[in-house]
Amino acid sequence: MPYTTNDYPDSLKNMEKLERRKAIDIINALLEEGYDDNRAIPIGIEQAEDWYKGATAEELKELERKDITQHENDPGTQGGRIADNDVEVFYEDDEWKVQTKGAKRPSSTYATKDDAVKRAKEIADNRGAEVITHKKDD
């Protein structure tokens with residue numbers, strides 16, 4: 001049974017309302033793909049926090065309207081499928097970016113390559129994924 005805005009893991013209780021909603025959405029997608037709660041919940045929290053930091057007003061409105069308990073028939077969405085993808089570090093627009101392969105935008109940006117690589121390794125370690133580090137001029 002999927003999580004809802006009224007029935008969700010305790011670890012989500014201190015999140016902002018829409019940030020929690022995004023976490024529930026991601027967790028439900030991961031559970032639908034066969035992840036167990038012990039893995040889906042921390043991944044969902046981390047990805048929701050990253051998403052929420054950079055979400056546009058339109059994305060927030062869209063999330064308010066979305067049925068976060070249904071994913072199987074979500075046409076054109078990644079759902080939790082990118083959760084195991086490798087994490088890339090690359091230089092663009094005068095900053096280092098960390099982005100999951102297949103994601104629409106970077107999850108974070110940094111002034112230094114070392115900081116970006118450190119964050120990418122944290123994300124990849126949580127997923128059992130690899131870090132792909134590009135050179136500044138790639």
Residues in side chain to side chain donor-acceptor pair (under 3.5 Å) contact with Glu59, at least two apart in sequence or another chain: Thr56, Arg105
Residues forming a side chain to side chain contact (heavy atoms under 4.5 Å, CB included) with Ala124, sequence neighbours excluded: Val87, Ala129, Val131
Closest heavy-atom pair and its distance - Lys66, Arg21: O-NH2, 2.5 Å
Non-hydrogen atoms of Ile24 and Thr4 that approach each other most closely: CD1-O, 3.4 Å
Glu58/Arg65 under salt bridge (charged side-chain N to carboxylate O under 4.0 Å, His left out): CA gap, chis, key distance, verdict: CA-CA 11 Å; Glu58 181 59 35; Arg65 295 186 298 261; 3.6 Å; yes
Interatomic spacing from CD1 in Ile41 to CG in Asp10 - rounded to 0.5 Å: 9.5 Å
Pairs where residues 96-117 contributes a residue and the test ring-ring contact (aromatic ring centres under 6.0 Å, His included) is met, not counting sequence neighbours: Tyr91-Trp96
Heavy atoms from other residues, nucleotides or ligands near CD of Glu95 exceed 12 (cutoff 6.0 Å): yes
Side-chain heavy-atom pair Glu64, Leu60 within 4.5 angstrom cut-off: no
Test: Asp50 and Arg119 ion pair at under 4.0 Å: yes
Separation of Ile68 CD1 from Leu63 CG (nearest 0.5 Å): 7.5 Å
Single-linkage hydrophobic cluster Ile123~Ile132, side-chain heavy atoms < 4.5 angstrom: no
By side chain to side chain donor-acceptor pair (under 3.5 Å) - contacts of Asp115 (at least two apart): Thr112
Separation of Asn14 CG from Arg20 CZ (nearest 0.5 Å): 8.5 Å
Shortest non-hydrogen contact between Lys22 and Trp51, atoms and distance: CG-CE3, 3.5 Å
For Pro106, all residues meeting side chain to side chain contact (heavy atoms under 4.5 Å, CB included), sequence neighbours excluded: Phe90, Lys97, Gln99
Rounded distance (nearest 0.5 Å) linking atom CD of Glu49 with atom CD of Glu16: 11.0 Å
Heavy-atom closest pair, residues Ile27 and Ala40: CG1-O, 3.6 Å
Candidate pair Met15 and Ile45, rule side chain to side chain contact (heavy atoms under 4.5 Å, CB included), full reasoning: CA-CA 9 Å; Met15 298 176 96; Ile45 290 171; 4.3 Å; yes
Residues Tyr3 and Asp37: side-chain donor-acceptor under 3.5 angstrom: yes
Listed partners of Asp36 passing side chain to side chain contact (heavy atoms under 4.5 Å, CB included), at least two apart: Asn38, Arg39
For Leu30 against Gly44, the heavy-atom pair lying closest together: CD1-N, 4.2 Å
Which atom of Ala116 lies closest to which atom of Val98, heavy atoms considered: O-CG2, 3.3 Å
Under 3.5 Å: donor-acceptor pair, side chain of Asp86, backbone of Glu130: yes
Lys113 side chain near Lys136 side chain, heavy-atom distance below 4.5 Å: no
